[in-house]
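What you see below is based on every heavy atom in this structure, not just the backbone, and it leaves out hydrogens, waters and symmetry mates.
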Amino acid sequence: MFKEDTMRSIKYVLILGVICIVSLGFYVGQVLSFDKVKFIVETKKGDPNEDVVQNMQLRLSEWGQNPNEYNISMNGDVKQYNKSILSYLFNDESSWKDAPRSFQQFIWKNDTHVFSQDSVTYGLNKLNNNELELQYWNALNNKLSSMTIKLPETQMNEKIRFSPFQRTEDMLLIDSFTLNKGIEREHIYQIDLTKKSMTKIKLPDALGKDDAIRSFYDGKMIVDQVKEVEDSEDFLSETVVKDGKQTKILKEFEEVYSSYAINGGKYFLGLDESSAQVSDKKRFEWQIYDFESHQSSSHSIQLDSIATDEAFSNRSVTVDRDYIYFAYRTKKDEVKSLVINPLTSEIVYEADIHKKGSKNELLLNSVITN
C-alpha cells in the first residue's frame, strides 16, 4: 500500500514537472517572438513633436494565440502590454482608466454623471439638495481637482440630477433632468471652475422633456429634438439650432453619430456615421456649423487603399483640442494616422505605421490623445 502511494506521488511530481517545463518553454517562446516585433512610424507630413501631434497614440494589437497590445506614439515610442484573449472581454477603454483610484471610485458611484473634453474627464454628483460634488482629472498632467458647489436655488427637488455637456474656457455647462422622467427646461447651469460657483443661464427657447442640448454659444444652442409623429406611435429625432427667434433644422447632421463643441464653442463639429465603423467608404466625412455666420458646411478627405474585409473596426477617430485624430487600416496591413484641421480640411500630420518580425494580423483598437 505504501509503495503504491509512493509511486503515485512520484508520478504526480513528474507530470507536474513536465507541465511546468512545457509552460516555461511556451512562455519563453512567446517572449522571444514578442522581442522580434518592430514597429516603424514613417512620417509623411508634419512633425511628430509638434504640440498638436505629440500626445497622439495608436492602440494596436496582434491577433494570435496570445494577443498583445501596443501603444505607439508618433515619435516611435512603443509600450507593450501582454494580454490574454479573455482580457479583451473586460478591457477598459475609458478615458479615465489611468486616473487615481479615488477618482475612478467617484466616477462609478451611483448618479455620477461623466463628461470628457480635451483630455479632461469631469464627474458631477449631487451631495444633497443644496450642494454638488465636482471632480475632474486631467490626463495630460495627471492633475485631479475637486470642489463642492452650492446650488443657486435653496429648495431643489431631490429627484433632479445635473449632467455636464460642454466646457468653454473656465465655464462648465450643465443640463438637468429627473430620474423617472424628462422635464421641460428653460435654464441650464454653468459652473465657474475658478470661482467655484454655479449660476443659471436662461435658454433662448424651452427644451422639451426628451430633448438633449449638444452645444451652447452666445445665447444660441444646438439641440437633438424629439417629436411625436402625428397619427403614429413613432418619434422623429432631428438636430436643430435655436436662437429664440427661429428654429433651423440642420439636415447635414442627419447622419452624424458623434458631435463636439470646438474653438470655444463657436463651431459645432459632427462626425458622420461611417467615420468609426467597419466601412469600405474611401472618404472620411464630417460636418461643421458656425454659430456666428449661421452656416453649415460639409468636409471630407480622400482615404488611401482602405482595408475592406474587416471583422473588426478598420478605422478609429477622436476629437481633442479642436483637431480630428483619425486612423485606419490599409490593404498593406499597415495603419495610417492623420491629424486634421476640421475647419480647413488640412491634414497637418500624416504617418504610416507598419511592423516587422511577426506574421500575426495587425489590428487597430483605438486612437487616444493622452
Taking only Lys NZ, Arg NE, NH1 and NH2, and the carboxylate oxygens of Asp or Glu, determine whether [X] and [Y] approach each other closer than 4.0 Å.
X      : Y      : result
Asp205 : Lys242 : yes
Asp111 : Lys126 : no
Asp218 : Lys220 : yes
Arg167 : Asp118 : no
Lys202 : Glu186 : yes

Sub-6.0 Å ring centroid separation between Tyr289 and Tyr267: no
Criterion ring pair (Phe, Tyr, Trp, His ring centres under 6.0 Å) on Tyr70 and Phe39, from CA distance to verdict = CA-CA 10 Å; Tyr70 306 88; Phe39 287 93; 4.8 Å; yes
* Asked: Is atom CD of Glu169 surrounded by more than 12 heavy atoms (other residues, nucleotides or ligands) closer than 6.0 Å?
  -> no
Check: Should we count NZ of Lys248 as having more than 12 external heavy atoms under 6.0 Å?
Finding: yes
Sub-3.5 Å donor-acceptor pair from the side chain of [X] to the main-chain atoms of [Y], do we have one?
X      : Y      : answer
Asp320 : Ser119 : yes
Thr112 : Phe106 : yes
Asp211 : Val226 : yes
Gln57  : Asn370 : yes

Would Leu127 and Leu134 show up in the same hydrophobic cluster when neighbours are defined by side-chain heavy atoms closer than 4.5 Å? no
For Phe216, the ring-ring contact (aromatic ring centres under 6.0 Å, His included) test, sequence neighbours excluded, returns none
Here the salt bridge (Lys or Arg N to Asp or Glu O under 4.0 Å) pairs for residues 44-56, sequence neighbours left out, are Glu42-Lys44, Lys44-Asp352
